[in-house]
Amino acid sequence: MSFPRYTHLVFTSLSHPNLSLFNHAIRALSKTPSLCIQSIHLYLQMIRTRIKPDNFTYPFLLNSCAALSALHQGIEIHGRLFKNGYCPYIPVTNALIDMYGKCNALDRSYCVFDEMPERDVVSYNALLGAHARFGEDMNGAQRVFDRMPARNVISWNAMIVGYVNAGDLDSARSIFDKMPERNIVSWTTMLIGYTKNGIIDLARVLFDAMPDRNLVSWTAMITGYAQNGRPNEALALFRRMEKAPVKPDAVTMTSVISASAQLGGIELAEWIGSYVDREGIERNERVLTALIDMHAKCGNMEKAFRIFNEIPRPDVFSYSALINGLASHGHGMQALEIFHRMQKENIEPDYITFVGVLTACSHTGLVEDGLRFWESMVKDYRIDPDADHYACMVDILGRAGKLDEAHKLVKSMPMGPHPGALGSLLAACRTYGNVEIAESVAEQLFELEPENTGNYMLLSSIYALGERWDEAARVRTAMKERRVNKLPGCSWVEVNSNGLGFRVKN
DNA sequence: TTAGGGTTAG
C-alpha cells in the first residue's frame, strides 16, 4: 500500500483527530493526484467538527484544488479564509494565485496578486506560471518576467516551459543560454523541448552534457526515443540506466514497454513483463495499457486479455490497445465484440479505436460492416478519417474486389495520395488482375516512395499474371536503373538466453 | 507557496 493510502486508512480509524493530524493527512493526500479529492473531504470533515484550519492547512488544500481544477471549491475556501479573519500570510496567498492560475481563472489570480501588501518571488512565479504554463500567453508571461523585482531559477525555468509548450524552441533556447544558473529542471525542460519536436539527436547532446541526471531526465530521454520510432536506442538507454543511481518507475516503464512493443520480440516482451513484476512497478492504467499493447503485438493475446481484465475501469486507450491487437492478429470477430462492449460501457471511441475496428473488418472480410462503421465514425463520433482509415477502407473494398470504388475513395482523399492506401489498392489489383488501375496507382507510388522495392515487384507481378512479359521486365529494369534493389537496413535486440538481459545490435 | 517525464495506429 502506498504511503498516502496508508495515511488515509490510519486517519479514518481515529475517532478525534486534532488540527495537526488533519494537516498532516491533508498534506500527504495532496501529493497524489488521485487522492486530492480525499484531502478536500478531510477539510470538509474538519469544518463539520469545528476544527479551524490554519496557515499550514491552506496551501496543501489549495494545491489539491489546483490539481483537480476545482475552481468552485477553491473559491469557497478563499471565502472562508476571509471569514476566518484573514491575516496575510504570503504562502497562503501565493497558493491562491497558483490555484486560480491552474483553474484557468487568471483574472482572479491578478485580483489576489494586486491586493497583496507585500509580494515575494514566489508570488511573481505563480503569476508567471499562470501565463506561461500552456505556452498560450507568452507575451503576458514575458511582461511579468520583465517587471519582476527579482528572479530565481524557477522564474527562468517557467519561461523555458512556456516557450517549449508554445513550440518556440529558439526562444526557449535563448532563455536557457542566458540564465545565470541552471539546475536539473532547466536542462531537462530544454531536453524535452527537443524530444517533443522530434529533434532527438540534439536532445541527446543535451542529455550527455547535463551535469547530473535524475529519474525525470532519464525518463524524458528514453521517452523521446520511444515516441520517435527509435525503440533500440530507448532500450539501450534503459539498459544503461541500470548502472545509474536512479531506479525506473511506472512512467519510465511505460515508455520502455512501448519501445519493446515496437520491436515486437517475444523474448524481449517476456523479459520486460517480468521486470515490471520483479521490481514492483506500479501497475497503473498507463502501464497496463502499454503491457496490453506489447503482448498483443507479440501475438500473446492470452496475456493481453489477462492484463486487460486487471484494469478496473478500462478507458479508450486500453480498449483500443486490445482491439487493435486482436484485429491485427486475425481475431477480427473478437475485436468487434470488444468494441461493442466498449460502446455498451459508454466509452467514446477515438480515431485509433476505429483503425482497429476497420482493420478487423478488412481481415474478416466484413465489407458491409466496414462501410457501416465508417459512416458511424464520421456521423456519430465526428471523427475526420485520416490516411490510416482510408487505407483500411481501401483494403476492405479491395479485398472484396470492389476496385473501382476503392480507386474512387483513394482519389477523394482530402490529404492527397498516401502510400498506405495506394499500397493496399495495388495489392488488391494483383489479387484481381486489374492492370489498368494498377498502372495509375503504381505511378503515384513510385513518386511517393521511390525507394520501396515492394511496389515495383508488385506491378511487375501484375503484368506477369496478365502474361505481359515485356512490361514486367521493363519494370524490373527501371527498378535496377533507379538503384532501388538495395535491401532495407535492419536492427534487432538480442535477449540473452538466461533472460536476464539483452543487447541492441545494428 | 512557484518550474520538468507516460498509454492506443498499415
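Taking the six-membered ring for Trp and thresholds of 30 and 60 degrees, A/Phe373 and A/His340 have ring planes inclined between 30 and 60 degrees apart. The aromatic rings of A/Trp218 and A/Phe207 sit perpendicular, their planes meeting at an angle over 60°, well past the 30° parallel limit.
Taking only side-chain nitrogens and oxygens, A/Lys297 never comes nearer than 4.0 Å to OP1 or OP2 of B/dG10. An OP1 or OP2 oxygen of B/dA3 is reached within less than 4.0 angstrom by no side-chain nitrogen or oxygen of A/Ser155. One finds no side-chain N or O of A/Asn152 lying less than 4.0 angstrom from the OP1 or OP2 phosphate oxygen of B/dA3. For the pair A/Gln227 and B/dT7, the criterion of a side-chain N or O lying under 4.0 Å from OP1 or OP2 is met.
For the pair A/Tyr390 OH and B/dA9 C1', the computed distance is 17 Å after rounding to whole Å. Rounded to an integer number of Å, the gap from A/Ile292 CD1 to B/dT8 P is 11 Å. For the pair A/Tyr225 OH and B/dG6 C1', the computed distance is 18 Å after rounding to whole Å. If you measure from atom CE of A/Met116 to atom P of B/dT2, you get 13 Å, rounded to the nearest angstrom. Separating the CG atom of A/Asp388 from the C1' atom of B/dT8 is a distance of 13 Å, rounded to the nearest angstrom. Residue A/Asp384 contributes atom CG, which lies 21 Å from atom P of B/dA9 at whole-angstrom precision. Atom CE of A/Met190 and atom P of B/dG4 are 15 Å apart (whole Å). As rounded to whole Å, 16 Å separates atom P of B/dT7 from atom CG of A/Asn324.
Nearest heavy atoms, A/Asp208 versus A/Arg213: O-NH2, 3.3 Å.
Residue A/Thr195 is out of contact with every strand shown, counting any heavy-atom pair closer than 4.0 Å. Across all strands shown, A/Asn63 has heavy atoms under 4.0 Å from sugar-phosphate atoms exclusively, and none from any base. Across all strands shown, A/Thr188 has heavy atoms under 4.0 Å from base atoms, whether or not it also approaches the sugar-phosphate. Counting any heavy atom pair closer than 4.0 Å across all strands shown, A/Tyr58 reaches no nucleic acid atom. Using a 4.0 Å heavy-atom distance criterion, A/Ala226 is classed as making no nucleic acid contact. Using a 4.0 Å heavy-atom distance criterion, A/Val164 is classed as making no nucleic acid contact. Counting non-hydrogen atoms under 4.0 angstrom, A/Ile192 reaches the backbone sugars and phosphates but no base. As judged by a 4.0 angstrom heavy-atom cut-off over every strand, A/Leu128 is placed among residues making no nucleic acid contact.
In the interface, the side chain of A/Thr219 is paired with the base of B/dG5 through a donor and an acceptor atom under 3.5 Å apart. The base of B/dG10 has none of its N or O atoms less than 3.5 Å from a complementary donor or acceptor on the side chain of A/Asp395. Not a single donor-acceptor pair, N or O on each side, falls under 3.5 Å between the base of B/dG5 and the side chain of A/Ser255.
Under the stacking definition used here (centres under 5.5 Å, planes under 30°), the residue A/Phe317 fails to qualify as stacked on the base of B/dT8.
With 3.5 Å as the limit, one finds a donor-acceptor pair spanning the side chains of A/Gln142 and A/Tyr163. One side chain, A/Ser320 or A/Thr353, offers a donor N or O that lies under 3.5 Å from an acceptor on the other.
For A/Val122, whose side chain is taken as the heavy atoms from C-beta onward, the closest listed nucleotide among B/dT1, B/dG5, B/dT8 is B/dT1. Checking B/dT8, B/dG4, B/dT2 against the side-chain heavy atoms of A/Asn125 singles out B/dT2 as nearest.
Checked options A/Thr188, A/Thr189, A/Asn183, A/Asn125; the residue passing with A/Asn157 is A/Asn183 (criterion: side chain to side chain donor-acceptor pair (under 3.5 Å)).
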